[in-house]
Protein chains: 2
Amino acid sequence: MPRVGMEPIRRAALVKATIAEVGLKGSLDVTVARIAKRAGVSSGLAHHYFGGKEDLLFAAMRHILTLYGASVRAQLLRAGTPRDRLAAIIRASFGPDNFEPHVIAAWLSFYVHAQSDPGARRLLGIYQARLGSNLTHALRPLASSRAPDIARTLASVIDGLYIRHALGGAPDGPQATARVLALADVLVDAA
Amino acid sequence: MPRVGMEPIRRAALVKATIAEVGLKGSLDVTVARIAKRAGVSSGLAHHYFGGKEDLLFAAMRHILTLYGASVRAQLLRAGTPRDRLAAIIRASFGPDNFEPHVIAAWLSFYVHAQSDPGARRLLGIYQARLGSNLTHALRPLASSRAPDIARTLASVIDGLYIRHALGGAPDGPQATARVLALADVLVDAA
DNA sequence: AACTTGATTGACTCATCAATCAACATAACA
DNA sequence: TGTTATGTTGATTGATGAGTCAATCAAGTT
C-alpha cells in the first residue's frame, strides 16, 4: 500500500517507536529491527529515512526536548505573577508527559549517552541553559541578584528528583512540583 | 608465571578494569575482552572468576558503593557537632574519589542499568536509603521532625548536582559541597 | 502506454562479542 | 615421582544486529 508523501508519517512513527522501545528496555540498547517492527515498517525503511541507528536516537532525543519546550511555553502562557511563572516552569518539568515511564527512561539514557556523543551533549546543554534561563528570569523580580544562584540550585533539584522518581516505582509529578516550589519559596525568602 | 592465591588479585584487577572501561566508554557497553586486556589477563579468565559479564558489572557496581560507604564513614569519624556530621556526609558524596570522571560515568550508567536489572536497583536502593538515613540522623538535632523531609530534598540535590557536574566538563566537588551545605542551612533555619 | 519517482521489503553480508572448551603450566602434596 | 588443585590461555562457536542492496510495487507524469 505504498502512497506518496509517507515520509513525515514514517519519521514520526519511527521516532515514537524509538522512544517506546528505549522506555521498554530502559536503555539505548535497542535494535533497529524492533523499532521498525513497532512502527509497522521494515528495518530497511528505518535506514532509508534516517541515516542509521545513531540518527534515529538523536531524532528521538530532539523530539522529547521539543515536547518539553512546548510544554513549558504552554504553561507560561497561563502565568501572571512571577511566582506563577516559577510554578509554571517547575510544573512543566514534572508534567505528566515528562513523567511517563518511557519518557523518564529516555531522559536517563540520553543523559548517559551525552557523555560520549557530542551531539547529545549539545542538546542537553540547550535544555539546561533554557531551564536555567527560564528559572532565572522568573526569579529575577523575586530575588534580584540572587536569582541565578537560586536558579542553579533549583535546576539541580529538578534533575535530582527525576532520578529519584525514575527509580522509585511510583512517580508523583504534583508532589515533586510542590517540593521544588516550596524550596524556591524558602530560598527566595532567605535574606 | 601462575602462582597459587591469585583469585583475589585477579578479581580486584578485573573490577578495577571494568570501572575504568565503563568510565572510558561512558556507558555499560563494554566488552569483556577489553576489560580482560586492561586487567592484563585473557578473556577466558574473566569468565572463570566471574560467572559472566553481568556478574562482573555487578561486582564493579558494588565496589563503587563500598568505596562510597567507606568514605562516608571516614568523614563521619572526624565530625563532632551535628552540623559537622551533615557537612561530612555531603563532603563524602562529593569527595574527589566519587568525582573522578570514570566513577561518575559508572554511577550514571548504573542508574540507567538499575531500571532493568533488579540486582542493580536493589544496590541503588541501599545507597539511597543509607544516604537518606545518614542525612536524617544528622539533621535530627537541627530540625527535629522536619529532618526527614529536608533530608529528602538534600538527597535529591546531591543526585542532581552529580548529573550537572558529570555533563559540565569541570566537576568541582568543593563547590558542590558548599552549595548543598548552604541549602541545608537555609532549610534548617526556615521555620 | 511508457516512464519516472518515491515507498517498501526482506534477504544478505559483515562484524562484534559473550561464552565455552580443550589444552597446558605451575604449585602443593602424597 | 606421580597426582591433584589452581591458574591461564586463545581458538572457537553461536548468536545477534547494523547496514546494504536488488527487486518490487504503486502513483503520478508525459
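Letters A, B, ... are given to chains in the order of the sequence lines, protein chains preceding strands, and every chain is numbered from 1. What you see below is based on every heavy atom in this structure, not just the backbone, and it leaves out hydrogens, waters and symmetry mates. Quick caveat, the model's predicted, so the values are computed rather than measured.
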Among D:dG17, C:dT8, D:dT9, which nucleotide sits nearest the side chain of B:L45? D:dT9

Under a 4.5 Å cut-off applied to non-hydrogen side-chain atoms, are B:Y111 and A:V112 in contact? no

Within this structure, what is the CG-to-P distance between B:L56 and C:dC17, rounded to whole angstrom? 15 Å

Which nucleotide in D:dA18, C:dA18, D:dT9 has an atom nearest any side-chain atom of B:H47: C:dA18

Only pairs with both distances under 3.5 Å count, Watson-Crick or wobble alike; so what is the partner of C:dT4 in this structure? D:dA27

Among the candidates C:dT8, D:dA18, C:dA7, find the nucleotide nearest to the side-chain atoms of A:E7. C:dA7

Whole-Å gap separating C1' (D:dA18) and NE2 (A:H48): 17 Å

Without decimals, in angstroms, what is the distance between A:R11 CZ and C:dG6 P? 15 Å

The Watson-Crick or G-U wobble partner of D:dA5, with both key distances under 3.5 Å, is none

Hey, what do you get for CE (B:M61) to CG (B:L124), rounding to the nearest 0.5 Å? 4.0 Å

What nucleotide among D:dG10, C:dA18, C:dT9 has an atom nearest to a side-chain atom of A:V41? C:dT9

Have A:E7 and A:H48 got a donor and an acceptor in their side chains that come within less than 3.5 Å? no

B:Y49 has its side chain closest, among D:dG7, D:dA18, C:dA18, to D:dG7

Just confirming the chi classification of C:dA19, syn or anti, using 90° around 0 as the syn window. anti

Is the phosphate of D:dG17 approached by A:R34 (side-chain N or O, under 4.0 Å from OP1 or OP2)? no

Could you verify whether a donor N or O on one side chain and an acceptor N or O on the other, from B:Y162 and A:S156, lie under 3.5 Å apart? no

Provide, to the nearest angstrom, the distance between the CG atom belonging to B:L28 and the P atom belonging to C:dC17. 15 Å

Which is true for A:G52 with a 4.0 Å heavy-atom rule: it touches a base, it touches only sugar-phosphate, or it touches nothing? sugar-phosphate

Counterpart residues, salt bridge (charged side-chain N to carboxylate O under 4.0 Å, His left out), relative to B:D55 (two or more places apart): none

Counting the atoms with a prime plus P, OP1 and OP2 as sugar-phosphate, which does B:T31 contact under 4.0 Å by heavy atoms, base, sugar-phosphate, or nothing? sugar-phosphate

Measuring only between side-chain heavy atoms, which start at C-beta, is B:F110 closer than 4.5 Å to B:Y127? no

Distance check needed: D:dT9 C1' versus B:K37 NZ, whole Å only. 15 Å

When the distance from CG of B:L14 to P of D:dT9 is rounded to whole Å, what number comes out? 10 Å

Under 4.0 Å between a side-chain N or O of A:R10 and OP1 or OP2 of C:dT8? yes

Please determine, for the side chain of A:K53, which listed nucleotide (D:dA18, C:dG10, C:dA18) has the closest atom? D:dA18

Could you give the CZ-to-P distance, from A:F50 to C:dA7, as a whole number of Å? 13 Å

Tell me the interatomic distance from B:M6, atom CE, to D:dT6, atom P, rounded to whole angstroms. 15 Å

